[in-house]
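Structure, as structure tokens:
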Amino acid sequence: MTARLHLVRHGQTDWNIEGRFQGQADPPLNAVGRAQAEALAGGLAGGPYQALFTSDLARAHQTAAALAARVGLVARPDPRLREVHHGAWDGLLLAEIQARYPADWLARERAPETARPPGGETVGEVAARVAAALDDIARQHCGEDVLVVSHGLALATVLCRVHGHALGRAYDLIPPHTAPVTVVWTPG
């Protein structure tokens, strides 16, 4: 009961360039991000994909819309594929977070998998949420190739599981924008 998942991080946003924590805030793709999505779509056109799932946040949904038009699929949104919820950190620069929330930032540096930003979620919670979505997708599309458009940290938790890494390494495994990574996913 496995599926081949082609994981795609959304295209670039202005907040990526500025270094703002996006989390579940909803900035759209910028011109570069739209061009990245179109280039990716052109490269994947004609591929063996049977389904396309996406986070419901704008930057992922816009990336998936470009793919959907080229691969002939409907992008199905799933909020479980969203990025980590940074809570009070959403929209802030790193220096702002370190100045306003020094103890919380120190906790993240010491134990990134269990640290919780004020009002946000832990990496472990993101991993569980995303894994549940992928389990459902794999059950629905057993033996098929499926495109999944999501976010950097959300996808990094998948890579941790697939490659047997501790979730504390997730921040080191964030994939580049619109660079697909293929994994075989087995539910559970």
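Reckoned from all heavy atoms, side chains included, excluding hydrogens, waters and symmetry mates.
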Can you sort out the partners of H141 under side chain to side chain donor-acceptor pair (under 3.5 Å), two or more places apart, ordered by chain and number?
R76, E144

Counterpart residues, side chain to side chain contact (heavy atoms under 4.5 Å, CB included), relative to T54 (two or more places apart):
A60, H61, A64, A75, P77, V149

State, to 0.1 Å, how close P118 and D104 come at their nearest heavy-atom pair, and which atoms those are.
CG-OD2, 3.3 Å

Separation between CE of M1 and CG of D135, rounded to the nearest 0.5 Å
10.0 Å

Not counting sequence neighbours, list each pair that qualifies as a salt bridge (charged side-chain N to carboxylate O under 4.0 Å, His left out) and has a residue in residues 107-133.
R116-E125, E121-R129

Side chain to side chain donor-acceptor pair (under 3.5 Å) partners for D56, two or more places apart
R82

Show the nearest heavy-atom pair for residues P117 and A115, with the distance to one decimal.
CD-O, 4.0 Å

Return the CG to OG distance between D78 and S150, rounded to the nearest 0.5 Å.
9.5 Å

Partners passing side chain to side chain contact (heavy atoms under 4.5 Å, CB included) against N16 (at least two apart in sequence or in another chain)
R9, H10, Q12, T13, Q22, H177

Would a single hydrophobic cluster contain both L7 and V71, if residues Ile, Leu, Val, Met, Phe, Trp and Tyr are joined by side-chain heavy-atom contacts under 4.5 Å?
no

A side-chain contact here means heavy atoms from C-beta on lying under 4.5 Å apart; do L155 and V181 qualify?
no

Linked, directly or transitively: V183 and L44 (ILVMFWY side chains, under 4.5 Å)
no

To the nearest 0.5 Å, tell me how far T182 OG1 sits from L147 CG.
9.0 Å

D14 side chain near P27 side chain, heavy-atom distance below 4.5 Å:
no

Find out if a path of hydrophobic residues (ILVMFWY) with successive side-chain heavy-atom gaps under 4.5 Å connects L57 to F53.
no

I'd like to know if the side chain of Q24 reaches the main chain of H86, judged simply by a donor and an acceptor atom lying under 3.5 Å from each other, with no hydrogens or angles considered.
no

Looking at residues at least two apart in the chain, or sitting in another chain, which of them share a side chain to side chain donor-acceptor pair (under 3.5 Å) with Q50?
none

Rounded to the nearest 0.5 Å, the CG atom of L134 sits from the CH2 atom of W185 at a distance of 5.0 Å

According to side chain to side chain contact (heavy atoms under 4.5 Å, CB included), who are the partners of E38, at least two apart in sequence or on a separate chain?
A66, R70

Determine whether V84 and L81 fall in the same hydrophobic cluster, where Ile, Leu, Val, Met, Phe, Trp and Tyr are linked whenever their side-chain heavy atoms lie under 4.5 Å apart.
yes

Which ILVMFWY residues are connected to I97, directly or by a chain of links, through side-chain heavy atoms under 4.5 Å apart?
F21, W89, L92, L94, Y101, W105

T178 and V8 have their tightest heavy-atom pair at CA-CG1, 4.0 Å

Regarding N30 and W15, do their side chains bring together a donor and an acceptor under 3.5 Å, going by distance alone?
no

Sub-4.5 Å side-chain heavy-atom contact between P28 and Q62:
yes

CD (Q98) and CG (L106) are apart, to the nearest 0.5 Å, by 10.5 Å

Please tabulate, one pair per line, all N/O donor-acceptor pairs under 3.5 Å involving side-chain atoms of residues 163-172, not counting sequence neighbours.
| residue | atom | partner | partner atom | Å |
| --- | --- | --- | --- | --- |
| H165 | ND1 | R169 | NH1 | 3.0 |

Roughly how far apart are T63 OG1 and Q36 CD, rounded to 0.5 Å?
8.0 Å

Please say yes or no: joined through hydrophobic side-chain contacts below 4.5 Å, possibly via intermediate residues, are V146 and L159 part of one cluster?
yes

Closest approach of P187 and A138, non-hydrogen atoms and distance?
CG-CB, 3.8 Å

Excluding sequence neighbours, so at least two apart, what forms side chain to side chain donor-acceptor pair (under 3.5 Å) with D136?
R80, R139

Residues passing the side chain to side chain contact (heavy atoms under 4.5 Å, CB included) test with V184, sequence neighbours excluded, are T2, R4

Residues which pass ring pair (Phe, Tyr, Trp, His ring centres under 6.0 Å) with H6, listed by chain and number, not counting sequence neighbours
Y49

L67 side chain reached by L40 side chain, heavy atoms, under 4.5 Å
yes

Which heavy atom of L29 sits nearest a heavy atom of A37, and at what distance?
CD1-CB, 4.4 Å

